[in-house]
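Since the structure comes first, as structure tokens, the remarks are kept for the end.
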Amino acid sequence: MPPASASDTTPPSPLPPEAEAPGKGVAAVDRALSILAAIEQGEEAPTLSDLARATGLYKSTILRLLESLQGHGYVSRVQDARYALGPAVRRLGMAYERRNPLRDLVEPVMAALVEAGCESPSFHVRQDARLRLCLFRRESNHSTLDRVHAGDLLPLDRGAAGRVILAFDGAEGEAFEAVRVAGHACSLGERDPECAGLAAPVFGPHRRLIGALSLSGPRERFNAENVVAMRAHLLPAAAGLSVALGG
């Protein structure tokens with residue numbers, strides 16, 4: 001690993017809040033995870049400079065952490081001095097799939113929603129304070145679809161699934177209270193002006209929120225009549241999942 005030059009010790013400016021104010025965990029772990037997140041979220045394999053801009057960390061710090069991540073197989077160095085996720089990440093994902101029963105419960109429910117003529121179902125969980133993760137996705141039988149895929153990170157503060165997660169995680173405000181009272185959320189063009197969504201919460205034991213089951217598609221198909229019809233399928237599906245998960 002080449003030594004950092006003098007310019008490598010100059011931090012990006014301004015630093016994001018995450019870099020300025022470490023959380024309650026271990027700072028080095030937080031920084032390493034922020035590097036993995038930056039690699040995962042990029043459209044192409046990032047360079048060292050890309051990682052510095054994305055994380056707000058010194059290049060010299062990133063190089064030291066990358067050396068450890070590469071040594072354990074979580075990061076690989078690829079062409080043109082770029083970085084990609086390594087094979088250890090795939091191994092973790094496979095272990096998660098083997099040991100987590102959520103997929104076995106959620107996918108049949110999503111298949112039933114598609115069979116009932118609903119828009120494309122997805123299952124979202126909170127990623128962090130700003131983002132949600134689309135954990136599972138199934139395309140509808142309609143010819144025109146919205147652009148959501150399993151593994152996508154989406155804004156937590158926009159879209160029906162995000163609002164459901166925030167509301168049932170205890171966010172304050174009239175809008176979130178309205179979602180809690182209704183038991184679902186509908187969004188029209190919040191995240192993408194051409195798309196819309198409908199979402200309901202899924203709970204585990206002790207009414208702990210697990211995630212949000214959602215239906216999404218082109219906004220033009222979310223008229224009042226279709227929303228009512230899809231809601232009649234979505235709410236019982238989410239409630240059934242909650243029962244299956246011990247909620």
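Hydrogens, waters and symmetry mates are skipped; everything else that's a heavy atom, side chains included, is used.
The two residues Y83 and A45 come nearest to each other via the heavy atoms O-CB, 3.4 Å. For A237 against V109, the heavy-atom pair with the smallest separation is CB-CG1, 3.6 Å. For the pair G189 and R219, the tightest heavy-atom approach, listed with the atom from each and the gap, is CA-NH1, 3.9 Å. Of all heavy-atom pairs spanning F203 and L245, the tightest one is O-CB, 3.8 Å.
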Pair up each side-chain donor or acceptor in residues 194-201 with any protein partner under 3.5 Å, not counting sequence neighbours, and list the distances.
none

Using distance only, find each side-chain donor-acceptor pair of residues 225-236 under 3.5 Å and give its atom names and separation, not counting sequence neighbours.
{"unit_1": "N226", "atom_1": "ND2", "unit_2": "R221", "atom_2": "O", "d": "2.8"}

Check: residues 148-176 side-chain donor-acceptor pairs under 3.5 Å, at least two apart:
{"unit_1": "D152", "atom_1": "OD2", "unit_2": "H149", "atom_2": "N", "d": "2.8"}
{"unit_1": "R163", "atom_1": "NE", "unit_2": "E190", "atom_2": "OE1", "d": "3.4"}
{"unit_1": "R163", "atom_1": "NE", "unit_2": "E190", "atom_2": "OE2", "d": "3.0"}
{"unit_1": "R163", "atom_1": "NH2", "unit_2": "C186", "atom_2": "O", "d": "2.6"}
{"unit_1": "R163", "atom_1": "NH2", "unit_2": "E190", "atom_2": "OE2", "d": "3.0"}
{"unit_1": "D169", "atom_1": "OD2", "unit_2": "R126", "atom_2": "NE", "d": "3.0"}
{"unit_1": "D169", "atom_1": "OD2", "unit_2": "R126", "atom_2": "NH2", "d": "3.3"}

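Side-chain heavy atoms closer than 4.5 Å link hydrophobic residues (I, L, V, M, F, W, Y) into clusters, and following such links, even through other members, never connects L209 to V125. Under a hydrophobic-cluster definition in which Ile, Leu, Val, Met, Phe, Trp and Tyr are linked whenever side-chain heavy atoms come within less than 4.5 Å, directly or via other members, L215 and I210 are assigned to the same cluster. L92 and V75 fall within a single hydrophobic cluster, where Ile, Leu, Val, Met, Phe, Trp and Tyr are joined by side-chain heavy atoms under 4.5 Å apart, directly or via other members.
Screening residues 104-123 for ring pair (Phe, Tyr, Trp, His ring centres under 6.0 Å), with sequence neighbours left out, gives no hits. Residue pairs meeting the side chain to side chain donor-acceptor pair (under 3.5 Å) criterion with at least one member in residues 235-245, sequence neighbours excluded, do not occur.
Counting heavy atoms from C-beta on, the side chains of Y74 and L36 come closer than 4.5 Å. Using a 4.5 Å cut-off on side-chain heavy atoms (C-beta onward), F136 and L102 make contact. Side-chain contact between M110 and S120 is absent, with no heavy-atom pair separated by less than 4.5 Å. V114 places none of its side-chain heavy atoms less than 4.5 Å from the side chain of E139. By the 4.5 Å heavy-atom criterion applied to side chains, T61 and T55 are not counted as neighbours. V26 is not listed as a side-chain neighbour of D30, based on a closest heavy-atom distance of 4.5 Å or more.
The distance from atom CG of L131 to atom NE2 of H124, rounded to the nearest 0.5 Å, is 12.5 Å. Rounding to the nearest 0.5 Å places OG of S214 at 7.0 Å from CZ of R132. L63 contributes atom CG, which lies 9.0 Å from atom CD1 of I35 (distance to the nearest 0.5 angstrom). In this structure, the separation between CG on L57 and CG on L51 is 9.0 Å, given to the nearest 0.5 Å.
Looking at residues two or more places apart in sequence or on another chain, you find a side chain to side chain donor-acceptor pair (under 3.5 Å) between D146 and R137, S216. Take R208 and apply the side chain to side chain donor-acceptor pair (under 3.5 Å) test, not counting sequence neighbours, and it matches no residue. Partners of D50 under the salt bridge (charged side-chain N to carboxylate O under 4.0 Å, His left out) rule, at least two apart in sequence or in another chain, are R53, R82. In this view, E107 and R103 satisfy the salt bridge (charged side-chain N to carboxylate O under 4.0 Å, His left out) rule, not counting sequence neighbours. Under the salt bridge (charged side-chain N to carboxylate O under 4.0 Å, His left out) criterion, E220 pairs with no residue, sequence neighbours left out. Considering only residues two or more places apart in sequence or on other chains, R207 meets the salt bridge (charged side-chain N to carboxylate O under 4.0 Å, His left out) condition with none of them.
In the hydrophobic clustering, where aliphatic and aromatic side chains (Ile, Leu, Val, Met, Phe, Trp, Tyr) are joined below 4.5 Å either directly or transitively, V78 stands alone.
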Can you list the steps and then say if R64 with E67 is a salt bridge (charged side-chain N to carboxylate O under 4.0 Å, His left out)? CA-CA 5 Å; R64 289 196 300 271; E67 186 171 359; over 6 Å; no

